[in-house]
Chemist: 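What follows is a structure written as structure tokens; I'll ask about it next.
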Amino acid sequence: MSVRVRYAPSPTGLQHIGGVRTALFNYFYAKAQGGDFLLRVEDTDRERYSEESLDDLYQTLNWLDVKWDEGPIVGGPYGPYIQSERFELYQKYAKMLVEKDMAYYCYCTPERLERVRKEQKESKSSVQGYDRHCSNLTKEQRDELEKQGIKPVIRLRVPLEGKTTFHDVLMGDITRKNKDVSPDPVLLKSDGFPTYHLANVVDDHLMGITHIMRAQEWIPSGPLHILLYKAFGWEPPVYCHLPMVMGKDGQKLSKRHGSTSVKDFREKGYLPEALMNYVTLVGWSYDDKSEFFSKEELEKIFDITKIHKAPGVFDYKKLDWFNGQYIRKLSDQELKEKVLPYLVKEGFVDEPITKEQDDILNKLIPCVKPRLKVLSDIVALSKFLFTEPEVAEKEMFVAKKMDLASSTTALIKAYDILKSGLDSDKPFEEIESEICDVAKEMEVKVNAVFTPLRVALTSSTVSLPMNDTVTLLGKEKCYKRIERAIEMLKGEI
RNA sequence: GUCUCCUUCGUCUAGUGGUUAGGACACCGGGUUUUCAUCCCGGCAACACGAGUUCGACUCUCGUAGGAGAUGCCA
């Protein structure tokens, strides 16, 4: 039988690292097995649903170039793939269980449920959860409650005796006593929408899903789902619970650890290839030496048995490293195109770009390439080029073991050399070596002379190499900035 | 509280009943470099603990501890 897996997110927020990792594992597994990858939108929580989240889901998968074989937009033989569009279906199946007395109507108010929960917690009761208050209502009692206009929910009747086992590809057999399985969970909410448990089981069965790969946070409800399959008389699929993605402190990855939404990473300028590569390496590995995997490779080699059991910590620094590696693999032309939106957004270049600006970029890109961790770093790195910075603080001109006076002297001397060299079209190497001679003559380190020059030109103590800075900026701007700096420094001495 | 799962360097991980326990990131040091990066070289650092099985255990078994997750008309 051909493999059919699905990614079934709930559009209640932006797609985050954990969700995408689940999507990727499902997708790669399907492709490696020659099977199908489905997308299903579980929008049964009407309170938290948002249109924006749904857009973000599509955008994220598109950005990663993960294509679903069946699902929203593309359709498929088992549609619709959006649960809200399957509304009636769940009612039918829930009622089917009520008729078999495997489920029942419950009229408890949220207030009562909350009170019960609170009491249980305070009394440290060993029994937690729903107290099965409505499990044995008579027809008359139900009619009475209906008459009061209370909209009931449908709850599954979980057996009190026995135990339920399910098999997990990674974890092995997982057994739970039925009395410890969630006490009579809600299947159908009072608004008529199904809960996750019902919708999930019904759809997975109807859509012919063969393998369920989802986060380990679902392990505890595994037995419950098995109970549901049994109640319906269906064959459960193969389970594979994926290790969770944690933050540095070992807790479930969340916003307080930093960016978690793929949108954030995208906007900061992480490349989809890099993010994909890194994310699939959290909880999965191929061997002891391979680290770089393209999407195409993963579609061939992804192996479910090499998934780790233990949760993994998401390492932002390693992602940065991967991203830098992928940026360096880009051609100058590719990098230019990717970086352009950031420059436009900052107002550094026009839209469309002018010929002059394009020429500058062609020079800028190779200088900047080894210095980018994320694409948006281009802004800080090229700001000196596109804006006229304030003259820097006087302290910045002063290198180690120098004072303001000697730094000013050094700058003046360096400026003379630079100006006459540039004006007579001397090769830059010669100019540089002459500036080095100044240092020798002053008996200071080379850096002591270059620092004031650098700060004068860029208002920063770190910059691109002098040669590049000067050619990028052009003679006139360089002279102007240095003269401005010298004037300021003289006034300060 | 109850239930379930997990446990190799700081992090991601490889690994076999007998290995100097391997790699990558991070970190530290060195080289290249006028700065910052890149790049190159080197270093640091782990089998949670205890007992058992065994000639021998990081590897198998059992306990303990620690961590995580679940316990919703959220998924």
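Every heavy atom of this structure was used, including side-chain atoms; hydrogens, water molecules and symmetry mates were not. Naming: A, B, ... by sequence-line order, numbering from 1 per chain.
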Chemist: Pick the P atom in B:G17 and in B:C36, then give their distance to the nearest Å.
Modeler: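 Per the computed distance, 49 Å lies between those P atoms.
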Chemist: Using purine N1 to pyrimidine N3 plus N6-O4 or O6-N4 for Watson-Crick, or N1-O2 and O6-N3 for G-U wobble, both under 3.5 Å, which nucleotide pairs with B:G1?
Modeler: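 B:U71 is the nucleotide pairing with B:G1.
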Chemist: Return yes if some donor-acceptor pair links the side-chain N/O of A:Asn323 with the main-chain N/O of A:Lys373 below 3.5 Å, else return no.
Modeler: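 Pair found, side chain donor or acceptor close to backbone of A:Lys373.
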Chemist: When you compare B:A14 with B:C60, how far apart are their P atoms, in angstrom units rounded to a whole number?
Modeler: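 Their P atoms lie roughly 14 Å apart.
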Chemist: Between A:Gln216 and A:Arg21, which residue's closest nucleotide on RNA chain B lies nearer the 5′ terminus?
Modeler: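 The residue closer to the strand's 5' end, by nearest nucleotide, is A:Arg21.
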Chemist: Do the side chains of A:Tyr93 and A:Pro194 get nearer than 4.5 Å, heavy atoms only?
Modeler: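 Not in contact.
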Chemist: Within the sub-3.5 Å range, which N or O atoms of nucleotides 33-42 of chain B have a protein N or O partner, and how far apart are they?
Modeler:
{"unit_1": "B:U34", "atom_1": "O2'", "unit_2": "A:Asn447", "atom_2": "OD1", "d": "2.8"}
{"unit_1": "B:U34", "atom_1": "O2", "unit_2": "A:Arg454", "atom_2": "NH2", "d": "2.3"}
{"unit_1": "B:U34", "atom_1": "O4", "unit_2": "A:Glu432", "atom_2": "OE2", "d": "2.8"}
{"unit_1": "B:U34", "atom_1": "O4", "unit_2": "A:Met466", "atom_2": "N", "d": "3.0"}
{"unit_1": "B:U35", "atom_1": "O4'", "unit_2": "A:Arg454", "atom_2": "NH1", "d": "3.3"}
{"unit_1": "B:U35", "atom_1": "O2'", "unit_2": "A:Thr461", "atom_2": "O", "d": "3.4"}
{"unit_1": "B:U35", "atom_1": "N1", "unit_2": "A:Arg454", "atom_2": "NH2", "d": "3.3"}
{"unit_1": "B:U35", "atom_1": "O2", "unit_2": "A:Ser463", "atom_2": "N", "d": "2.8"}
{"unit_1": "B:U35", "atom_1": "O2", "unit_2": "A:Ser463", "atom_2": "O", "d": "3.1"}
{"unit_1": "B:U35", "atom_1": "N3", "unit_2": "A:Ser463", "atom_2": "O", "d": "2.7"}
{"unit_1": "B:U35", "atom_1": "O4", "unit_2": "A:Pro465", "atom_2": "N", "d": "3.1"}
{"unit_1": "B:C36", "atom_1": "O2", "unit_2": "A:Arg371", "atom_2": "NH1", "d": "2.8"}
{"unit_1": "B:C36", "atom_1": "N3", "unit_2": "A:Arg371", "atom_2": "NH1", "d": "2.2"}
{"unit_1": "B:A37", "atom_1": "O2'", "unit_2": "A:Pro370", "atom_2": "O", "d": "2.6"}
{"unit_1": "B:U38", "atom_1": "O4'", "unit_2": "A:Pro370", "atom_2": "O", "d": "3.4"}
{"unit_1": "B:C39", "atom_1": "OP1", "unit_2": "A:Gln325", "atom_2": "NE2", "d": "3.2"}

Chemist: Kindly assign one of parallel, tilted or perpendicular to the pair A:Phe293 and A:Trp284, based on the angle between their ring planes and the thresholds 30° and 60°.
Modeler: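 Perpendicular, since the angle between the ring planes exceeds 60°.
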Chemist: So that I know where these two stand, are A:Tyr239 and A:Phe166 an aromatic pair - ring centroids less than 6.0 Å apart?
Modeler: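 Yes: the rings meet the under 6.0 Å criterion.
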Chemist: Within a strict 4.5 Å, meaning less than it, do heavy atoms of the A:Leu473 and A:Arg481 side chains meet?
Modeler: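 A:Leu473 reaches A:Arg481 side chain to side chain.
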Chemist: Please work out if A:Ser221 contacts a base, only the sugar-phosphate, or nothing of the nucleic acid, heavy-atom cut-off 4.0 Å.
Modeler: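 If one applies the 4.0 Å heavy-atom cut-off, A:Ser221 turns out to touch nothing in the nucleic acid.
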Chemist: For B:C74, does either OP1 or OP2 sit under 4.0 Å from a side-chain N or O belonging to A:Lys189?
Modeler: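 Yes.
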Chemist: Could you tell me whether A:Gln128 contacts a base, only the sugar-phosphate backbone, or nothing, with contacts defined as non-hydrogen atoms closer than 4.0 Å?
Modeler: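 Result for A:Gln128 = base.
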Chemist: Within the 4.0 Å heavy-atom criterion, would you say A:Cys108 contacts the bases, only the backbone, or no part of the nucleic acid?
Modeler: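 Counting heavy atoms under 4.0 Å across all strands, the contact made by A:Cys108 includes a base.
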Chemist: For B:C60, give its Watson-Crick or G-U wobble partner with both distances under 3.5 Å, or none.
Modeler: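 Pair assignment: B:C60 / B:G52.
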Chemist: Given side-chain contact (heavy atoms from CB on, under 4.5 Å), test A:Gln120 with A:Val116 step by step and report yes or no.
Modeler: CA-CA 6 Å; A:Gln120 285 168 340; A:Val116 169; 3.7 Å; yes
Chemist: Tell me the interatomic distance from A:Tyr196, atom OH, to B:A70, atom P, rounded to whole angstroms.
Modeler: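 Whole-Å distance recorded here is 13 Å.
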Chemist: Side chain of A:Ser221, backbone of A:Leu224: donor and acceptor closer than 3.5 Å?
Modeler: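 It does not hold such a pair.
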Chemist: For A:Thr44, which contact category applies under a 4.0 Å heavy-atom criterion: base, sugar-phosphate, or nothing?
Modeler: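 It contacts sugar-phosphate atoms only.
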Chemist: A:His308 has an atom NE2; how far is it from atom P of B:C12, in whole Å?
Modeler: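 To the nearest whole Å, that distance equals 8 Å.
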Chemist: For the C1' atoms, the ones on B:C73 and on B:G66, what distance do you get once it is rounded to whole angstrom?
Modeler: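 Those two atoms are separated by 36 Å.
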Chemist: Please classify the nucleic acid contact of A:Lys306 as base, sugar-phosphate, or nothing, using heavy-atom distances under 4.0 Å.
Modeler: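 If one applies the 4.0 Å heavy-atom cut-off, A:Lys306 turns out to touch the sugar-phosphate alone, with no base involved.
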Chemist: Check whether any side-chain nitrogen or oxygen of A:Lys318 sits under 4.0 Å from OP1 or OP2 of B:U11, and answer yes or no.
Modeler: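 Answer no for this pair, as no side-chain N or O of A:Lys318 is under 4.0 Å from OP1 or OP2.
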Chemist: Starting at OH of A:Tyr130 and ending at P of B:C3, how long is that distance when rounded to a whole Å?
Modeler: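 Result: 23 Å.
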Chemist: Let me spell it out: for each of A:Glu47 and A:Arg176, pick the nucleotide of RNA chain B with the closest heavy atom. Which residue's pick is nearer the 5' end?
Modeler: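 Its nucleotide being nearer the 5' end, the pick is A:Arg176.
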Chemist: If you compare every side-chain N and O of A:Thr12 against the phosphate oxygens of B:C74 (OP1, OP2), does one of them come in below 4.0 Å?
Modeler: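 No, because none of the side-chain N or O atoms of A:Thr12 sits under 4.0 Å from OP1 or OP2 of B:C74.
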Chemist: Measure from NZ on A:Lys309 to P on B:U4 and round the result to the nearest Å.
Modeler: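 Between P of B:U4 and NZ of A:Lys309: 16 Å.
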Chemist: For A:Gly324, answer base if it contacts any base atom (sugar-phosphate contacts may also be present), sugar-phosphate if it contacts only those atoms, and nothing otherwise; contact means non-hydrogen atoms under 4.0 Å.
Modeler: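 The residue A:Gly324 makes no contact with any strand.
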Chemist: Can you check the A:Phe322 CZ to B:A26 P distance for me, whole Å?
Modeler: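 Going from A:Phe322 (CZ) to B:A26 (P), I get 11 Å.
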Chemist: Using atom P of each nucleotide, how far apart are B:U19 and B:U59 to the nearest Å?
Modeler: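 It comes out at 13 Å once rounded to the nearest Å.
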Chemist: With a 4.0 Å cut-off on heavy atoms, is A:Lys252 in touch with a base, just the backbone sugar-phosphate, or nothing at all?
Modeler: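 Sugar-phosphate, no base atom in range.
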Chemist: Taking the side chain of A:Met244 as heavy atoms from C-beta outward, which of B:A68, B:A14, B:A75 is closest to it?
Modeler: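 Given the options B:A68, B:A14, B:A75, the side chain of A:Met244 is closest to B:A68.
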Chemist: Considering only the C1' atoms, how many Å lie between B:A45 and B:U20, rounded to the nearest integer?
Modeler: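 One C1' to the other, the span is 15 Å.
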Chemist: Can you measure A:Ile307 atom CD1 to B:U13 atom P for me and round it to whole angstrom units?
Modeler: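 Going from CD1 in A:Ile307 over to P in B:U13 covers 11 Å.
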Chemist: Taking B:A57 as the reference, what is the distance to B:A70 when you measure between their P atoms (whole Å, please)?
Modeler: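 So the two P atoms sit 39 Å from each other.
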Chemist: Taking only the P atom of each, what is the distance from B:A21 to B:A46 in whole angstrom?
Modeler: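 Per the computed distance, 11 Å lies between those P atoms.
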Chemist: OP1, OP2 of B:U4 versus side-chain N and O of A:His241: anything below 4.0 Å?
Modeler: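 Negative; the distance criterion is not met.
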Chemist: Nearest-Å distance, NZ (A:Lys289) to C1' (B:C12)?
Modeler: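 After rounding, the reported distance stands at 17 Å.
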Chemist: Considering only the P atoms, how many Å lie between B:U8 and B:C58, rounded to the nearest integer?
Modeler: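 Those two atoms are separated by 15 Å.
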Chemist: Let me know the distance between OH of A:Tyr278 and P of B:A24, rounded to the nearest Å.
Modeler: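 Nearest whole value for this atom pair: 16 Å.
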Chemist: Taking the ring of A:Tyr278 and the ring of A:Phe314, is the distance between their centroids below 6.0 Å?
Modeler: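 Yes.
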Chemist: Is it the case that atom CD in A:Glu47 sees more than 12 heavy atoms from other parts of the structure closer than 6.0 Å?
Modeler: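 No.
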Chemist: In terms of relative ring orientation, are A:His197 and A:His225 parallel, tilted or perpendicular, with 30° and 60° separating the classes?
Modeler: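 Rings of A:His197 and A:His225: tilted, as their planes differ by 30° to 60°.
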